[in-house]
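As structure tokens, the structure follows; a few thoughts come after it.
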Amino acid sequence: MASQFQQTVDAALLGRARDGEPQSQAELFRLFGRAVYSLARRLLVKPELAEDVLQDTFVEVLRNLGSFRGEAPFGMWLRRIAVNQCLMHLRSPWQRRRLELDGSDATEFLSSGDDAFDVLDLERALGSLPPEARAVVWLHDVEGYTHQEIGQLMHATTSFSKSQLVRAYARMRNWADHEAGEESCTPVLSN
């Protein structure tokens, strides 16, 4: 995932986008839109939330493009904004209340049988986790953030990140054991 954000961006393209040229801004969206959406989809699960984060991320990027100093690759700067947008959604009291009211969780999407996505067991296991735990697993194991960085991003401590990761692994192991148990109990039908 992180490699999608590591592609190089021409300084002239960034300059034109910073100056408000619509074609250059659209090109940045074309280059990084899929990566931002994928990241948001993994962290937030629901497509509509991922679309919101995609839009919010690019609004924030275009609004703050003048402050990009080039000390890190542009894609990594953009990734940081996308992660922050995802975490803002996870921390949002409105979002938490909405999940309580509609009774939805990550497993709703992942068990819906939607053939549009190739849902791997790992994604289903991640979907069984509470949103904060899923974010910690994804940020640590896939995006490569340290526990200290995750703690800072989530306005928590380093030990919060570590404990969330340990609990998430245990929960995913239990989920996998449960799934394996159900498969072994499923009768095989012959023709």
Side-chain angles (χ1 to χ4, degrees), residues 1-99 106 109 117 123 126 129-162 164-165:
M1 170 67 71
S3 63
Q4 294 176 330
F5 288 101
Q6 293 175 343
Q7 59 188 315
T8 57
V9 178
D10 182 45
L13 173 66
L14 287 176
R16 290 190 306 271
R18 185 179 297 121
D19 292 340
E21 181 185 288
Q23 295 85 359
S24 298
Q25 293 173 344
E27 180 65 13
L28 289 178
F29 184 84
R30 188 192 66 73
L31 288 171
F32 294 100
R34 173 170 266 176
V36 169
Y37 180 81
S38 295
L39 171 68
R41 185 67 194 272
R42 296 294 190 294
L43 288 172
L44 302 173
V45 177
K46 294 188 174 279
E48 60 273 12
L49 294 178
E51 289 168 7
D52 287 349
V53 164
L54 174 63
Q55 184 177 23
D56 293 346
T57 297
F58 275 93
V59 166
E60 192 72 17
V61 164
L62 294 176
R63 184 179 298 147
N64 293 301
L65 200 51
S67 68
F68 174 66
R69 296 184 305 260
E71 294 170 356
F74 174 78
M76 301 310 284
W77 178 75
L78 185 142
R79 181 182 96 162
R80 180 79 174 213
I81 293 171
V83 165
N84 284 332
Q85 290 292 325
C86 288
L87 293 176
M88 284 182 359
H89 272 273
L90 289 173
R91 286 190 299 260
S92 163
W94 181 86
Q95 179 61 25
R96 287 178 192 230
R97 182 69 179 140
R98 190 176 128 214
L99 290 173
F109 161 73
F117 296 93
E123 288 181 348
L126 282 170
L129 297 175
E132 284 183 335
R134 183 175 54 251
V136 170
V137 170
W138 190 265
L139 292 172
H140 184 269
D141 292 353
V142 179
E143 295 292 327
Y145 283 87
T146 67
H147 288 295
Q148 183 178 4
E149 291 170 325
I150 294 168
Q152 290 171 347
L153 285 169
M154 298 184 94
H155 304 292
T157 63
T158 300
S159 61
F160 166 83
S161 174
K162 290 178 181 179
Q164 286 290 313
L165 191 64

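Please read these numbers as outputs of a predicted model, since none were measured by experiment.
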Review point. Could you go step by step and tell me if F29 and L54 meet the side chain to side chain contact (heavy atoms under 4.5 Å, CB included) rule?
Key: CA-CA 9 Å; F29 184 84; L54 174 63; 3.8 Å; yes
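- Interatomic distance, R18 CZ to Q25 CD, rounded to the nearest 0.5 Å: 11.5 Å.
- The heavy-atom pair separating A17 from S24 by the smallest distance is N-CB, 3.5 Å.
- Within the 4.5 Å cutoff, no side-chain heavy atoms of D56 are placed close to those of M88.
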May I have the list of side-chain donor-acceptor pairs in residues 59-69 shorter than 3.5 Å, sequence neighbours left out?
from: E60; atom 1: OE2; to: N64; atom 2: ND2; distance (Å): 2.9
from: N64; atom 1: ND2; to: E60; atom 2: O; distance (Å): 3.0
from: S67; atom 1: OG; to: N64; atom 2: O; distance (Å): 2.7
from: R69; atom 1: NE; to: E71; atom 2: OE2; distance (Å): 3.0
from: R69; atom 1: NH2; to: E71; atom 2: OE1; distance (Å): 3.2

Practice item. Could you walk me through whether Q7 and F32 pass side chain to side chain contact (heavy atoms under 4.5 Å, CB included), step by step? Key: CA-CA 9 Å; Q7 59 188 315; F32 294 100; 3.7 Å; yes
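- Between S161 and G151, the closest heavy-atom pair is CB-N, 4.3 Å.
- Rounding to the nearest 0.5 Å places CG of N84 at 11.0 Å from CZ of R79.
- For the atom pair CD of Q164 and OG of S159, the computed distance is 10.5 Å after rounding to the nearest 0.5 Å.
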Review point. Do V136 and Y145 pass the side chain to side chain contact (heavy atoms under 4.5 Å, CB included) test, and can you show the C-alpha distance, the side-chain angles, and the key distance before you say yes or no?
Key: CA-CA 9 Å; V136 170; Y145 283 87; over 6 Å; no
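- Put simply, the residue from D52, L49, L39 that forms a side chain to side chain contact (heavy atoms under 4.5 Å, CB included) with L44 is L49.
- For Q148, the CD atom is loosely surrounded, since the number of other residues' heavy atoms within 6.0 Å does not exceed 12.
- Across A40 and C86, no two heavy atoms sit closer than the pair CA-SG, 3.6 Å.
- Nearest approach of L87 to A135, heavy atoms of both residues: CD2-CB, 4.2 Å.
- Here the straight-line distance linking atom CZ of F58 with atom CD1 of I81 works out to 9.5 Å at 0.5 Å rounding.
- Rounded to the nearest 0.5 Å, atoms NZ (K162) and CD1 (I150) are 11.0 Å apart.
- Between atom CZ of residue R80 and atom CD of residue E149 there is a gap of 6.5 Å, rounded to the nearest 0.5 Å.
- Screening D10, L31, L28 against F74 for a side chain to side chain contact (heavy atoms under 4.5 Å, CB included) leaves a single residue, L28.
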Practice item. List the steps and the verdict of side chain to side chain contact (heavy atoms under 4.5 Å, CB included) for R134 and V45. Key: CA-CA 10 Å; R134 183 175 54 251; V45 177; 3.4 Å; yes
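- Contact annotation: the side chain of V53 never approaches that of Y37 to less than 4.5 Å [non-hydrogen atoms, C-beta and beyond].
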